[in-house]
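Okay, structure first, notes after.
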Amino acid sequence: MMPRKLTLKSMKKRLIYNISRIEGILESGQKVLRGEEMQSMSSLEDAWLLIQDDLIADYGKMSAPYQAEVDEHIDAKKGLVLPSYCDSHSHLVFAQGRELEFEDRIKGLSYEEIAARGGGILNSVDTLRAMSEEELFQRSSKRAWELIRTGTAALEIKSGYGLDVESEMKILRVAKRIGKELPLTVKTTFLGAHAFPKEFEDDPDAYVDLIIKNMIPAIAAEGLADYIDVFCERGYFDKIQMEQIILAGMEHGMRPKVHVNQFSSIGGLQVALKHNALSVDHLEVMTDHDLADVCSSETIATALPACSFFIKIPYAPGRQIIDEGGILALATDFNPGSSPCSDMNFVMSLACIQMGLSPQEALAAATLNGAAAMELSEKMGSISKGKMANLIITDPMLQLAQIPYYFSRHVVSQVIIEGKSWN
Ligand code: NIG
Ligand code: FE
């Protein structure tokens, strides 16, 4: 028998020491936390954590220090160590912000009124169509670096500002390239059904047809999208169109992950649940029936409180979703019109202050459940031995509550992704 060739992999060990508290520990193997389980991630005071290559290898108390040799020491300087954020809903790839509509909104026009005047999503479509793929990549990757520095290590990115075959594919290619070139795990979602483009104003069904017959097959052929999304809303896509589109996406292997109940409850939520959607997102306007349906399902309810804050609409009933046993995730909804915010620390603050979550629940929603809403929670989203070493080290502080409490303060001191430092 031929001797087996040994490949010796260099095992790099990095030891984080002087940690005031590790938060977000979970060794049960649960891939998602629902209802009261969202309080169950544990913490360890005065601790160290060992990274081996790109994984979390071990952790323990400083009173029982790690004894073996390591390649590198990282001083946490009495900061917290948390799992990196997993932001499961964003529209990161856009051409430019819509600051020009800002003053109209300040004067009292609503998000819907601005859209009805030709602003809103269609305004972003015009600027995106006119921009080269390279320029779009440069602008979007700059935004991605910013959010990495605030502690996010996994991000879902939607299309939806192209609304024609080529422009939608351009967005998704840019999103994929960000995932390849930056230290960020990216999942992509096709949102051709974000609005009806001007050229289909008088024939919306023809646009639904274009999505189903042209866009989805072309995007699937290039492997550009993991999920299918529809903005199911008054004045946008109704539940019948939504069902046709998600079925077409599912035939091409894209699981539904949808925008529902932002301004009205028109049945999209139930259609999504019927087709085993991975997540239903927004949920600002919910009937008792909607709430009961989502809480008794396996579908993740994703709240986007920065959108509620920015366009002054109600907050999703996060407290009730947890109390009724649902699975709640938090995400930024980062986009140029309704949520120009990519900072999950601020989202944590809003979840605690405006939605009534405890800091522990907000962390579970922003990490493990966010990872689950991108089908990534087997390898990230908590401090668990064997999971990816995606970690945040904060400024010196004693407890998790200090992150949401000091809202808008920059608290992330070091970012570690796949075992490497990025600042
Ligand atoms: O999730 N509601 C639909 N889509 C986005 C807003 C997009 C935009 O205004 O550009 C959202 O809020
Ligand atoms: Fe959105």
Side-chain angles (χ1 to χ4, degrees), residues 87-102 104-105 109-129 136 140 143 155-163 167-168 171 175 187-197 227-238 242 245 256-266 268-269 272 277-285 300-316 329-342 344 347 350 370 373-374:
D87 181 356
S88 62
H89 183 137
S90 93
H91 308 248
L92 173 92
V93 180
F94 57 85
Q96 61 190 48
R98 300 207 298 268
E99 296 84 344
L100 293 176
E101 296 171 359
F102 192 39
D104 285 338
R105 280 211 310 103
L109 281 188
S110 70
Y111 179 84
E112 288 157 299
E113 284 163 341
I114 288 173
R117 295 199 319 183
I121 295 170
L122 293 183
N123 175 348
S124 293
V125 171
D126 289 342
T127 52
L128 185 131
R129 284 181 178 177
L136 199 55
S140 305
R143 292 178 203 124
L155 181 73
E156 181 260 14
I157 304 176
K158 299 172 192 301
S159 67
Y161 294 123
L163 312 187
S167 312
E168 285 293 301
I171 300 173
K187 290 279 188 146
T188 53
T189 301
F190 170 54
L191 177 55
H194 198 189
F196 291 99
Y227 307 114
I228 180 82
D229 193 350
V230 175
F231 183 24
C232 186
E233 191 52 65
R234 266 188 329 228
Y236 293 83
F237 296 81
D238 63 28
M242 174 185 179
I245 294 166
K257 187 167 168 61
V258 293
H259 284 73
V260 290
N261 296 56
Q262 183 175 9
F263 301 105
S264 57
S265 169
I266 57 168
L269 177 70
L278 178 59
S279 70
V280 284
D281 302 26
H282 274 290
L283 314 182
E284 291 88 347
V285 177
I300 298 166
T302 302
L304 309 166
C307 173
S308 299
F309 173 79
F310 191 70
I311 62 172
K312 299 203 278 189
I313 59 173
Y315 286 82
L330 288 167
T332 60
D333 195 19
F334 184 32
N335 75 69
S338 72
S339 181
C341 166
S342 63
M344 288 292 283
V347 169
L350 291 175
M374 296 183 272

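Order of appearance sets the numbers: ligands from 1, and atoms from 1 within every ligand. In this chain, numbering begins with 1 at the start of the sequence shown. Given the structure is predicted, the values throughout are model-derived calculations rather than measurements.
- Counting protein heavy atoms only, atom 12 (O) of ligand 1 is closest to Ser338 OG, 2.5 Å.
- Proximity of Gln262 to Ile311: side-chain heavy atoms (C-beta onward) are separated by under 4.5 Å at one or more points.
- Put simply, the side chain of Arg234 never gets that close to the backbone of Ile266: no donor and acceptor are under 3.5 Å apart.
- Annotation: side chain of Phe334 is in contact with side chain of Arg143 (closest heavy-atom distance under 4.5 Å).
- Lys257 is listed as a side-chain neighbour of Leu278, based on a closest heavy-atom distance under 4.5 Å.
- The option with the heavy atom closest to atom 6 (C) of ligand 1, from among Tyr111, Phe231, Tyr161, Phe310, is Tyr111.
- Under a 4.0 Å heavy-atom criterion, Tyr236 is not in contact with ligand 1.
- The shortest contact between atom 2 (N) of ligand 1 and any protein heavy atom is with Gln262 OE1, 2.7 Å.
- Counting only distance, with no hydrogens or angles, the side chain of Arg129 and the backbone of Gly162 share a donor-acceptor pair below 3.5 Å.
- Here Asp333 meets the criterion, with an N, O or S atom under 2.8 Å of the Fe ion (ligand 2).
- Residue Glu233 does not touch ligand 1, judged by heavy-atom distances below 4.0 Å.
- Remark: distances from the non-hydrogen atoms of His282 to ligand 1 include one below 4.0 Å.
- Contact record, Ile245 with Ala193: CD1-CB, 3.7 Å, taken as the closest heavy-atom pair.
- Checking side-chain atoms of Arg105 against main-chain N and O of Ile114 turns up no donor-acceptor pair under 3.5 Å.
- Defined by atom type and a distance below 3.5 Å, a donor-acceptor pair is present between the side-chain atoms of His89 and Asp333.
- Not a single N, O or S atom of His282, from either the backbone or the side chain, sits less than 2.8 Å from the Fe ion (ligand 2).
- From the protein, the heavy atom lying nearest to atom 11 (C) of ligand 1 is Asp333 OD2, 3.2 Å.
- Near Asn335, meaning under 4.0 Å from one of its heavy atoms, ligand 1 places the atoms 5 (C), 6 (C), 7 (C), 8 (C), 9 (O), 10 (O), 11 (C), 12 (O).
- Under 2.8 Å from the Fe ion (ligand 2) lies no N/O/S atom of Cys307, from backbone or side chain alike.
- The backbone N or O of Ala331 lies less than 3.5 Å from no partner atom in the side chain of Ser88, so there is not a single donor-acceptor pair.
- Distance from atom 4 (N) of ligand 1 to its nearest protein heavy atom, with residue and atom name: His194 NE2, 2.8 Å.
- Around the Fe ion (ligand 2), the two atoms NE2 of His259 and NE2 of His91 are separated by an angle of 100°, to 10 degrees.
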